[in-house]
Amino acid sequence: MDNILVTGTAGQIGSELVPALRDNYDGDTVIAGWNKTPLSEDILETGPNVVLDVTDFNALEKIVRDFKVGTIFHMSSILSATAETIRTIAHDVNINGTFNILECAYLNGLEKVILPSSIAAFGDKTPRTRTPNDTIQNPDTVYGISKVFGELMGNYYHSKLGLDVRGIRLPGIISWKTEPTAGTTDYAVAMFYEAIRKNSYECYLAPDTALPMMYMPDAINALIKLYQADSQVLIHHSDFNIHAMTFTPDDLAREIMKINPRFEISYKIDPVRQSMADSWPISLDDSKAREEWGWEPEYTIQDLAEDMYLNLTKKLS
Ligand code: AKB
């Protein structure tokens, strides 16, 4: 097996994906690509790392050749809320960067590219409950449009050029190791931090905003399981729905109150993030992922709340 390069290792998912890949494979074969945000000691000590700007094709190609890369997990992305405020950078990273990854993988004969998409790839004309895998996609956000670009280009490189590109549409991801702040679904992580630090949280989404969510271990498991799937069994490629749970800010606050009865929630709506959330699915039909590569989530909202609270309390103390 050739080496695995992960882009965006310092991000919320990358920072947990690299250790998981190093546990599954030899640590020396998993290269942590990062840009600007420094890596944790743990990642620096357990395998190779490299500074990587995905918008620079020549630098990317040199890394792919120098490190004998066979697979890229392309995790670097400017998330939904930030992408609305820095459109040019978001276009460079999310669209040009994704194109560079695919073109570089194709030209250098790589084995696979794992290219995550998002629930943001849907829009207000998409059916919002049990959103079908193959349906109308009309996002009206910079981030969502860039995710549709990645899905379509991933499928193009697969069908026209024979590159094995695979991707899942990730929901809001809840985790305690790296704090995400650039997305719309990140209120759910912030609520835990503030419940532990201050016993209170002011939420920027309305109390009844229902969104698909997932605990990090399920997201990591999905990425690795899709990577390992036999290519013969895949009918879809860059555009799999996956689903674990749906909850609202009010639902999550009530779960946290079971653990911390002093916790109080208040609301001050951010119209930009609210309108994004209102255009995204409430739940997804993930039967294609279940049928084609055996996707199955493990964590419920109760499991997630208990595990998050415990681990974040340890981390913050
Ligand atoms: C975001 O809110 O930007 C992301 C996503 C739903 O893809 N977490």
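Quick caveat, the model's predicted, so the values are computed rather than measured. Index from 1, following the sequence. Ligands are counted one by one from 1 in listed order, and the atoms in each one are counted from 1 as well.
- Among all protein heavy atoms, the one lying closest to atom 2 (O) of ligand 1 is Thr184 N, 2.7 Å.
- Of the polar atoms of Ser118, at least one N or O is found under 3.5 Å from an N or O of ligand 1, judged by distance alone.
- A donor-acceptor contact closer than 3.5 angstrom is absent between the side chains of Tyr143 and Glu84.
- For the residue pair Ser275 / Asp278, no side-chain donor-acceptor distance below 3.5 Å is found, with atom types taken as modelled.
- Residues Asp124 and Asn138 have side chains that bring a donor and an acceptor to within less than 3.5 angstrom of each other.
- Ligand-side atoms of ligand 1 in range of Trp280: 2 (O), 6 (C), range being under 4.0 angstrom from any heavy atom.
- At the top of the distance list for atom 4 (C) of ligand 1, counting protein heavy atoms only, stands Thr185 OG1, 3.8 Å.
- Leu79 places none of its side-chain heavy atoms less than 4.5 Å from the side chain of Thr181.
- Shown in contact with Gly183 at under 4.0 Å from a heavy atom are these atoms of ligand 1, numbered in order with element: 1 (C), 2 (O), 3 (O).
- Residue contacts with ligand 1, taken as heavy atom pairs separated by less than 4.0 Å, involve Ser80 via backbone and side-chain atoms alike.
- Under the 30°/60° scheme for interplanar angles, the aromatic rings of His237 and His158 are found to lie parallel.
- Taking a cut-off of under 4.0 Å to the non-hydrogen atoms of Leu79, the atoms of ligand 1 that pass are 3 (O).
- For Lys147 and Glu151, the salt-bridge test fails: no basic side-chain N is under 4.0 Å from an acidic carboxylate O.
- Using a 4.0 Å cut-off between heavy atoms, Ile119 contacts ligand 1 through its side chain alone, with no backbone atom that close.
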